Amino acid sequence: MKLVIINYGSGNLHSVHKAFEAVNNNLENPYEIIVTNTPSGILNADKLVLPGVGAFQDCKNAIHKIDGLFESLEQMVIGEKKAFMGICVGMQLLAEKSLEFGECEGFGWIPGEVIKIEAPAEYKIPHMGWNEVTFHNHELLNNISQNTDFYFVHSYYFRTQKNENCIATTKYPNPITAAVLKENIFGTQFHPEKSHNNGKQIITNFLEWEPS
Amino acid sequence: MLKKRIIPCLDVDRGRVVKGVNFVDLIDAGDPVEQAKIYNSEGADELCFLDITASSDDRETLFEVVKKTAENCFIPLTVGGGVRTIDDISRLLHHGADKVSINTAAVENIDLVAKAAKKYGSSTIVIAVDAKKNGDKSWNIFTHGGRKPTDIDALEYCIEVANLGAGEILLTSMDRDGTKIGFDNELLSTVSSSIDIPVIASGGVGNLEHFVEGVLKGGASALLAASIFHFGEYSIKDVKTYLAEQNIAVRI
């Protein structure tokens, strides 16, 4: 089985790669982890991971700059329903659009939009640090306790159009989407690769996940 | 609730920890990777490496240290010291740093802040500010590791870099650094209440109560400390337990 981490120059690629590698090494049947940006590599994947930090539009442009990357990704995730995980901006890209630095279209795989966090003046933006996550039970959140801390760094968040697509939230002080899910498509606003043991557990759950 | 972060900082010279913890079980106390692993397991919320290597010829060792730390510690890692160009930032991030802290180079070339924030995202760019009291509620910044004075006002500078896209300010009081008499909470609150981005308190922490004051009086989002941890006076857990007892939200 091949797990592909998509390399389009995202700043957290190395951290994501190392965290997946560390978790994968402890699996009974480890994946072959491949870091690539080629359509042929992506079309061979059994599972896909899209990291992302920085501005929404910059990430989107970087993806579209690579010939055939988006098309092959869409074919695998939407066409062949392969398990997919987006992290931070890699998750926000699933939205229909983002309002960061003007309006920018996303992949449109999960209905909703990416908007600025609205919080009282005494709340610092970016929302940076460890915050508690509450969630609906799902196998992707197996062995995680309610109100466990995960590491967040963001100023915008994904407001899903349908409640059912938001499977985890945090509070700052208003509710903020912490994880999204639609069929085979999973995404976290927090950084599992930086969330110590809880983050490793999320990665384990994703590696063991078989979307129906 | 968002937790107040406790960040141990290690000074690294040519790939070696300069003032390190005397951990009993440590085979190599000078190895930053070994020390980082311990802080990681003790519950540090982030790690910070400050590279004080004088010669740029010896910088390569730092990249190896960052790489190995990132392979072993799955919490955020900030690296600073000698960061001068976009290329320096890029290399540190590529080796596994999550945030890069810029000090002198941002003062000398303020455009670097906006460029770096645009290229790598605000959350990746920490601006380190060394400030010294200059009068009533007035502080000037120093560059070159605190050796070179400037006539730049610390508060105005922090507001400017925040507007340019810095994600965080690492604010060190030069008056308090090394004194163990507590953070300069007046400096911290003056800056923190004037900008939207988080401020990391640094310089002067000597006991557990100082951490509490940094949050309640200084308004800091995170608290950085070096020697108090390195000399084994308090552990990360001691600090967090005490903060929790004072009803300050921390990750236990």
Side-chain angles (χ1 to χ4, degrees), chain A residues 9-23 52-59 62 88-89 100-101 117 119 121-132 147-156 170-173 176 191-203, chain B residues 1-7 40-41 43-47 66-77 89-90 92-100 116-126 162 165-169 192-193 195-200 219-222 249-252:
Chain A
S10 170
N12 64 340
L13 178 74
H14 180 84
S15 301
V16 169
H17 182 199
K18 290 301 156 193
F20 271 81
E21 215 165 55
V23 170
V53 289
F56 186 98
Q57 188 145 17
D58 290 347
C59 288
C88 195
V89 180
E100 188 180 3
F101 299 120
I117 296 172
E122 66 268 29
Y123 285 76
K124 300 286 186 188
I125 304 285
H127 171 226
M128 183 187 290
W130 299 80
N131 206 342
E132 288 152 41
N147 303 316
T148 293
D149 291 315
F150 286 91
Y151 189 80
F152 290 83
V153 182
H154 62 127
S155 304
Y156 286 75
T170 187
K171 280 188 174 169
Y172 195 61
I176 288 175
H191 289 269
E193 78 279 13
K194 289 289 140 191
S195 295
H196 204 222
N197 292 337
N198 294 322
K200 284 186 183 172
Q201 184 62 51
I202 294 275
I203 294 172
Chain B
M1 187 183 279
L2 187 68
K3 306 302 191 298
K4 299 297 175 186
R5 289 168 280 152
I6 306 298
I7 310 174
N40 182 41
S41 63
D45 296 310
E46 294 185 23
L47 293 168
V66 170
K67 187 161 172 263
K68 280 197 193 130
T69 305
E71 283 167 8
N72 287 287
C73 298
F74 300 104
I75 56 172
L77 172 65
I89 299 168
S90 170
L92 284 170
L93 293 175
H94 178 74
H95 281 85
D98 298 291
K99 306 183 209 179
V100 172
K118 181 148 193 340
K119 191 161 167 75
Y120 298 107
S122 287
S123 55
T124 309
I125 306 302
V126 181
E168 230 176 352
I169 302 278
S192 171
S193 61
I195 57 175
D196 290 336
I197 60 174
V199 172
I200 306 168
S221 298
V250 286
R251 182 179 68 107
I252 299 277

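We name chains A, B, ... by the order of the sequence lines, and we start the count at 1 in each one. None of the values given here were measured: they were computed from a predicted structure.
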Margin query: Strictly below 4.0 Å, N to O, side chains only: are K18(A) and E21(A) in salt-bridge contact?
Written below: yes
Note to self: Is E193(A) in contact with chain B via its backbone, its side chain, both, or neither, using a 4.5 Å heavy-atom distance?
What the structure shows: backbone
Checklist line | Region of D45(B) that comes under 4.5 Å of a non-hydrogen atom in chain A | finding: both
Check: Quick one: CG on L93(B) to CG on L13(A), what's the gap to the nearest 0.5 Å?
Finding: 11.5 Å
Notebook entry, point to check: Between H191(A) and Y151(A), what is the ring plane arrangement, given parallel below 30°, perpendicular above 60°, and tilted in between?
Noted result: tilted
Check: Using non-hydrogen atoms only, which part of K119(B) is less than 4.5 Å away from chain A: side chain, backbone, both, or neither?
Finding: neither
Checklist line | Greatest number of heavy atom pairs closer than 4.5 Å to chain A - which of P76(B), G121(B), P198(B) | finding: P76(B)
Margin query: Among H14(A), H196(A), K194(A), which residue has the highest count of heavy-atom pairs closer than 4.5 Å to chain B?
Written below: K194(A)
Next item on the list: Counting only heavy atoms closer than 4.5 Å, note whether H127(A) contacts chain B via side chain, backbone, both or neither.
Entry: side chain
Check: So does E132(A) pair up with K3(B), basic N to acidic O under 4.0 Å?
Finding: yes
Check: What is the distance from atom CG of N131(A) to atom CZ of F150(A), rounded to the nearest 0.5 Å?
Finding: 11.5 Å
Margin query: Heavy-atom pairs under 4.5 Å with chain B - which of V53(A), T148(A), D58(A) has more of them than the others?
Written below: D58(A)
Checklist line | Segment of N40(B) engaging chain A (4.5 angstrom heavy-atom cut-off) | finding: both
Notebook entry, point to check: Roughly how far, to the nearest 0.5 Å, is the NZ atom of K99(B) from the CD1 atom of I89(B)?
Noted result: 14.5 Å
Notebook entry, point to check: Could you give the distance from OG (S15(A)) to NE2 (H95(B)), rounded to the nearest 0.5 Å?
Noted result: 12.5 Å
Next item on the list: Under 4.5 Å heavy-atom distance to chain A, tell me which part of S192(B) shows up: side chain, backbone, both or neither.
Entry: both
Notebook entry, point to check: What part of S122(B) gets closer than 4.5 Å to chain A, counting heavy atoms only: side chain, backbone, both or neither?
Noted result: neither
Note to self: I'd like to know if the side chain of K124(A) reaches the main chain of I195(B), judged simply by a donor and an acceptor atom lying under 3.5 Å from each other, with no hydrogens or angles considered.
What the structure shows: yes
Note to self: As an exercise: rank V153(A), V89(A), I125(A) by heavy-atom pairs under 4.5 Å with chain B and give me the winner.
What the structure shows: I125(A)
Item checked: Segment of R5(B) engaging chain A (4.5 angstrom heavy-atom cut-off) -> side chain
